[in-house]
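Please read the structure below before turning to the comments.
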Amino acid sequence: MKRILLIVALFALVAVGFAPAAAQDAPDGIFPGTWPYSLPPTHHLNLFAAGGPHDSTGIGNFYRQLVVMPFGFYRWDSATYEGLLAESWGFNEDNTKYVVTIKEGTWSDGTPLTANDAVVTYAIGRILNWADWNYLSDVVAVDDRTVEFIFNETGAGYTAERLIMKTRIAPAATYQALADEATALIAAGKTSDDQEWTDLATKIAEFRPDVLLASGPYTYSLEDIGDSYMTLHWQPNSIYSGSVQFGEIRLWQGETESTTPLVLNGDIAWATNVYPPATQQAFVDAGIRLVNVPLGYGAALLMQHDTYPFNIKEVRQAMAYAIDRDENAFFTNGFGATGTEYMAGVLDTMVSTLLDADSIAKLNHYDFDVDRAAELMETAGFTRDADGKWVDAEGKRISVEYKAPAEFADFLGASTNAVEQLNEFGFDITLRAIPWQQTAEDIRQGNFQLSVWSWAGGNPLASRQFFGPIQRFNYVGLSDGQKGMNFPMEFEYNGEMINLDALINDVSSGFDRDAQAQRAGRVALILNDLMPFIPLNIISAAQPFNESILTGAPADGDPLYAAPLDDAWMLKLLLEGVVRPAGS
Amino acid sequence: MRKLIRSYTFRTVVQGLITIWAVMTFTFFLIRLMPGNPAQIKIDEYVDRYGMSEDQARQQVATLFNYDPDQPVFEQYVDYLSDLVRFDLGRSLTSTETPVAEQILRFLPWTLFSVGLALLVAFSLGVLVGLAMAYWRGGLLDNVMTVFASVIYAIPDYIIALLLIMVAGVQLKLIPVGELYGGSTQGIEPGFTVEYILDLLKHAFLPVFTYVLATIGGWMLTMKSSTISTLGEDYITVARARGLPERRLLTAYVGRNAMLPLMTRLAISIGFVVGGSAIIETLFLYPGLGRNLVLAIGLRDYTTMQGIFLVIAISVVVSNILADLLYGWLDPRVRLGGDKGTE
Amino acid sequence: MSASADVRAVLSEKSLVQRLSSGTRGTVRALLRNKAGFLGFLGVMFFIILTTLGPLVIPYEGDPRLDRLRPGARSLFAPPSVEHPLGLDVKGRDVLSHIVHGGGPLILTALEAGILTTIVAVALGAAAGLLGGFIDQIISAASNFILTIPQFPLLLVLATIVTFDNRLGMALLLAVLNWPTLMRAVRAQVMSLKSRDYVEAAFALDLGLWHITTREVLPNMISYIVVNMIFTIRSAMYFIIALMFLGLVPLTEPDWGMMIFIGKQQGSLSNPEAAWMLLAPVLAIALFQLSLVLFTRSLEEVFNPRLRQGV
Amino acid sequence: MADGSVVLSVEDISITYTTQRGIVQAVSNVSFDLHAGETLALIGESGCGKSTIVLGLIGLLPKTGKITTGKVTYRRRDGRLIDVLGLNKEQMRQFLWNECSMVFQGALNSLNPVLKISSMIYDTARAHGMRADEAKKRALSLFEKVRLDPLRVFNSYPHELSGGMRQRVLLATALLLRPQVVIMDEPTTAVDILTQRSIIKVLKQLREELNFSVIFISHDLAVAAEIADTVATMYAGEIIEKGPVSEVFYRPRHAYTLGLLEAAPRLSTGAEELMSIPGSPPDLIDPPKGCKFHMRCRFVTDECKTTKPPLQASSPT
């Protein structure tokens with residue numbers, strides 16, 4: 001290990017000596033961040049296996065982009081890409097291919113970035129059943145720096161584009177041999193059902209490279225992974241090496257609880273954890289700025305649609321009216337959550353981008369209104385009994401159980417409050433907090449009456465926004481035998497048979513943004529009317545940003561703050577050198 | 001042969017092996033009853049993050065993980081057992097190339113060091129103070145220490161830990177929290193050097209201090225009550241009448257006899273060395289086995305969990321045997337496991 | 001028989017049995033005798049009154065009070081004030097009302113667990129000690145097994161598998177996990193008592209196991225058992241809170257354990273103004289347990305006149 | 001046997017215990033002299049104060065006990081007189097065992113279970129400045145004298161010895177430092193009758209060989225009669241009758257002594273003929289006026305209830 005490092009260092013020195021362009025010293029600053037990385041031996045440097053830098057147990061979906069970069073960075077505010085590795089990108093004229101030209105640059109060992117890197121990456125990804133290959137039929141290097149992604153018959157569209165632009169390209173120098181084997185298998189006509197395919201997948205998973213070649217300005221070795229923090233070192237050969245202002249990125253290990261004192265003490269300057277309101281207050285009191293950034297999801301109240309009376313539309317609508325969502329948001333995550341406004345199935349901030357104006361106008365906002373809720377309950381055949389509880393024609397109360405994950409403070413808070421409000425309104429709900437894995441399992445199995453999970457998501461495409469929970473935790477998105485919410489996706493609506501599942505899958509296809517918006521609007525209106533789940537709120541993280549250590553965060557309300565972590569504002573500003581040590 | 005079977009050592013070893021097997025089997029099936037499995041957790045991640053369908057994610061996870069959720073549990077058990085008799089703990093389910101044994105070797109020493117040190121400090125301090133409390137019963141020391149011990153004993157260790165960090169670390173700035181986190185400072189070469197050992201002690205300070213605070217009250221109170229009943233024994237009065245100096249009286253007569261009932265507790269505590277440290281290690285970012293266990297439980301890494309549980313079971317059994325030996329050394333009446341002295 | 005037997009005989013004009021049957025006056029006197037013990041007794045009484053009568057005086061605040069959000073604050077937490085001596089919790093509710101209303105359930109469950117553990121431990125310990133042989137081996141093996149399972153990791157795992165819907169179930173689980181230690185002690189005591197003359201005499205007279213246990217063995221151990229039960233109650237409390245901490249038990253308010261759980265989850269220790277939600281129940285539990293420990297001194301005196309002189 | 005010189009002189013000693021109920025007058029105004037080579041038997045029921053006296057003598061009273069009046073003078077072999085009650089802690093520690101040792105009742109619990117007999121011998125020797133090899137030699141010879149297998153016992157743990165053996169070990173240990181006075185607190189109660197016989201036999205021999213004085217505490221008159229030169233009967237904290245063993249034994253003057261004699265089993269009488277003294281000892285917090293025995297006395301007169309009548313000779317029935 002040591003020897004290899006030495007060689008790399010030597011190489012770097014030589015490179016510095018021979019290439020005056022790269023002759024520069026590492027910047028001085030240290031960027032103190034945090035990520036709950038795993039320790040070796042679990043932690044390794046294979047980009048394609050669980051436990052590696054790209055895994056959530058590795059360095060996670062923000063910092064990994066500083067090491068091995070994707071083609072682009074997505075602006076949620078303008079729905080456009082900015083190039084990271086890519087110099088130019090786009091569909092060809094007939095939309096059969098996606099063509100990317102890679103910037104002129106090198107890996108950390110000095111070997112140039114080439115189109116072959118992308119080909120190698122996708123060859124291995126194919127063996128690993130990457131979702132990208134649902135849309136592609138081939139990936140071809142046209143010349144040294146141009147790579148073409150050839151769509152299959154149904155693949156062309158913005159969904160595929162996002163996958164391509166966000167995939168982090170691995171170095172051919174490390175993975176060429178494995179990619180060759182993969183290519184050979186494909187050429188031989190093997191499929192994922194063949195034993196050779198599985199064997200190769202296993203071989204890929206077990207591969208342990210000694211060095212992590214970086215296209216980004218930082219890299220690390222296993223020796224850099226300490227017990228309490230790990231260090232990403234600046235390397236001189238990246239496209240961004242000249243612009244970043246930090247010589248080291250220090251990632252403190254730990255989750256919310258163990259990082260809190262470090263933030264308070266100024267050991268961590270920027271954190272992406274979700275800190276509870278009392279802690280946020282402590283940060284503010286300590287003079288630490290909080291930057292509000294959406295996490296891209298919120299808490300949704302889920303119903304099991306086999307359960308009476310949640311199979312009645314009016315009851316679900318009444319529930320939507322009966323919950324004060326602003327209050328609910330406060331108890332979900334303090335000021336780090338806002339009550340859902342549009343009830344459209346996509347994030348409020350995305351409504352104007354994703355839906356057509358007509359549909360937006362028609363959306364029912366379900367403003368808090370217990371009288372309207374009571375009317376709906378009466379329409380559904382319920383009356384209030386002496387205790388003010390709703391009873392149906394047979395005199396039965398709505399006595400149900402609400403399962404919530406005990407470990408998730410935000411979801412548990414949302415649930416506790418929703419139950420309190422609904423009981424106030426006249427329901428008879430018992431809250432049961434159980435371990436989160438059990439909650440997920442119960443929801444999957446349909447073994448619940450009311451529960452909570454996330455809606456929307458960290459993907460800007462409408463189809464992905466609609467995906468959860470209506471597809472994810474419904475029979476259509478689950479394995480055989482699991483029914484989840486069991487909300488019927490094929491039904492008659494306004495005199496027309498529709499397949500909601502197909503509608504959602506189709507929302508983001510093709511290239512006509514207006515048509516997409518209209519399709520999305522239609523889905524939004526259906527969800528808005530039927531209320532198969534109630535999107536209670538949208539959660540944001542109040543990211544502590546310590547301005548005595550770092551500088552360069554834009555003023556509050558900057559459009560860059562619209563994107564969740566995958567397209568985080570920090571990525572762009574860090575790479576461009578805007579975020580820099582305070583006082584420099 | 002018959003003599004061997006009847007021998008105390010042989011019986012102890014066999015009993016220990018049976019206990020280890022029983023605990024291993026129990027935990028094996030127990031952890032497979034946990035909701036979710038390693039594959040499902042990864043599948044959820046892929047579905048959420050990469051927009052794969054459930055089936056697609058399932059397929060990809062199957063290629064990444066050594067784990068087939070559809071294999072009958074009993075078959076898994078037989079496989080595991082047959083590996084185990086060859087001293088093979090298997091590989092981590094969530095990091096396929098990582099042998100469980102390697103993980104345990106990496107993390108166990110830290111836990112042994114920190115919790116062992118804490119146990120040593122808490123036990124010896126607690127026993128000394130408890131002895132003094134009983135000896136000067138009703139005095140100032142006794143009263144102050146009883147209050148201290150009872151209060152501290154009642155506060156869960158993780159709250160002690162949090163208070164330690166928040167009050168002493170953040171508010172009063174007495175402790176440089178970040179500097180003390182972790183197991184050792186990066187860059188200091190491991191070895192038998194003063195610098196490295198001091199560094200180890202420095203980093204172990206927070207967890208050790210917490211463990212000591214959390215357990216010393218129990219030792220003090222137990223030792224005190226044990227000493228009080230020993231002080232009432234005739235041989236103490238007799239020894240005093242023989243004109244023995246107080247120091248000899250306190251050590252060989254009172255202390256040694258009063259400590260006997262504590263030995264069982266000590267054995268049990270040693271067994272908890274590994275398991276009891278989970279939350280504290282997580283809070284202090286200490287690279288021990290407990291923190292690794294929490295991670296493994298979160299990821300449902302069955303083989304890793306299984307390996308750690310096995311280590312815990314073995315450590316309990318071994319510490320019980322050690323405690324027996326120690327007990328025998330301290331109390332001649334139970335030497336060789338027999339009560340033969342009483343007539 | 002002992003060197004100071006005569007001294008004792010002078011001092012205790014009545015035997016233990018007589019003392020116990022001499023009614024409440026002697027007991028009360030024994031309670032009052034030890035100052036620290038009496039303080040503990042007062043403490044225990046205080047908590048009993050607090051949790052039984054307190055709720056009649058201080059109304060319970062269960063609903064969130066958003067109206068108490070102070071301008072500029074990011075949370076509803078508030079430090080102690082005249083109006084709310086223990087401050088406000090995460091939902092802006094009076095912490096004191098939760099302390100008053102939340103002690104009963106926790107103490108009651110711990111009590112149940114303590115009693116159950118003691119019953120199981122004494123029954124099995126007596127059986128193992130008196131009967132010996134095969135039964136002793138079985139019971140000892142079971143206790144070894146339970147002592148070998150690491151309790152905290154076991155709870156970590158159990159937390160994901162089981163959810164206890166009622167407190168009796170929880171008390172039962174604690175009894176199952178906690179009996180071995182006391183059982184071992186009882187067994188050892190029974191074995192040593194058994195070898196003493198009068199129990200042997202009782203055996204020789206063929207007085208029957210039940211008689212021997214209840215008349216000869218238990219009265220001699222009563223002080224030990226009672227004090228041990230108090231300690232079991234303490235450890236039961238610790239475990240219940242650990243279980244709540246892990247979300248294994250029904251998270252119903254009001255409850256001291258729930259306050260700790262929510263307080264911890266809401267990061268209340270990171271903010272001095274919010275800390276009371278967590279510190280108040282922790283202190284209440286600590287003081288209650290301190291009272292129990294001190295109280296055991298008086299109990300020792302009630303049951304064990306030998307200790308009275310502080311020899 | 002007594003050569004006349006007084007080794008230990010107890011004058012007017014009173015001891016109280018403080019209890020929650022009040023002050024217990026455990027010993028009141030007790031005086032006696034112990035001569036060189038003499039064996040004095042203190043006899044009486046449980047709780048009469050006989051053990052309290054000796055605990056007071058050797059400074060091992062519990063914290064609640066206090067010597068209120070009296071003086072104890074000890075004459076060393078070199079003739080120097082020592083005020084025993086005036087000794088400080090260290091002097092008392094030195095005094096114990098060097099000059100005055102004690103054999104406790106209950107041999108089972110009088111030995112530290114975790115130490116070998118040898119360690120206890122060495123501990124005792126070291127505490128008083130005796131060399132280890134000398135202590136071992138002395139102990140072995142003493143063990144031989146008390147008819148123990150010296151080397152085996154020396155290297156044993158207490159639990160490896162029988163009750164009688166332990167009692168003899170205690171006896172031998174008591175003589176380790178050649179004390180002038182040995183106090184024996186019911187040394188034979190915990191052992192069976194045969195062992196009791198042999199111990200008394202050994203004790204008699206030892207006394208002849210080594211010439212020490214003995215304060216022998218017992219509730220068993222028969223045993224006392226066998227070994228004592230002088231007998232003092234105690235009742236309710238007072239010595240009510242004192243005299244040469246033959247006097248007291250054959251012509252008891254106090255009704256209580258008489259009662260004790262009648263309560264003692266003898267070979268000549270059957271169990272059914274034993275008489276017990278009715279009632280129980282008086283409350284020493286609030287002792288009765290006059291003779292403290294008058295409530296239980298079968299010869300009681302009105303005079304007894306106000307004053308202590310003088311002792312009169314009688315003879316046992």
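Proteins come first, then strands; the chains are lettered A, B, ... in the order of their sequence lines, and each starts at number 1.
In this structure, chain C has a heavy atom under 4.5 Å from the side chain of A:T260, while its backbone stays farther away. Contacts between A:L431 and chain C at a heavy-atom distance below 4.5 Å are absent for every atom of the residue. Residue C:L69 touches chain A through its side chain alone, counting heavy-atom pairs closer than 4.5 Å. Looking at C:A275, there are no atoms closer than 4.5 Å to chain A (heavy atoms on both sides), in backbone or side chain. Contacts of A:E257 with chain C are made by side-chain atoms alone, with heavy-atom separations under 4.5 Å and no backbone atom involved.
The heavy-atom pair separating C:S270 from A:L264 by the smallest distance is O-CD1, 4.0 Å. When every heavy atom of A:A278 is checked against every heavy atom of C:G267, the shortest pair comes out as CB-O, 4.0 Å.
When the side chain to side chain contact (heavy atoms under 4.5 Å, CB included) test is applied to A:S399, the partners found at least two apart in sequence or on another chain are A:R397, A:D428.
Going from atom CZ of C:R74 over to atom OH of A:Y275 covers 14.0 Å, rounded to the nearest 0.5 Å. Annotation: the span from A:E420 atom CD to C:K91 atom NZ amounts to 4.0 Å, rounded to 0.5 Å. In this structure, CG on A:N417 lies 10.0 Å from CG on C:D63, to the nearest 0.5 angstrom.
Looking only at side-chain heavy atoms (C-beta outward), C:L66 and A:F331 come within less than 4.5 Å of each other. The side-chain heavy atoms of A:P276 and C:Q265, taken from C-beta on, include no pair separated by under 4.5 Å.
When the candidates A:E327, A:E424, A:Q438 are compared by the number of heavy-atom contacts under 4.5 Å with chain C, A:E327 comes out ahead. Listed options C:A73, C:A274, C:S268 were ranked by heavy-atom pairs under 4.5 angstrom with chain A; first place goes to C:A73.
Contacts between residues 105-120 of chain C and chain A, defined by a heavy-atom separation under 4.5 Å, are made by no residue at all.
More than 12 heavy atoms of other residues, nucleotides or ligands shown are found within 6.0 angstrom of CH2 on A:W390.
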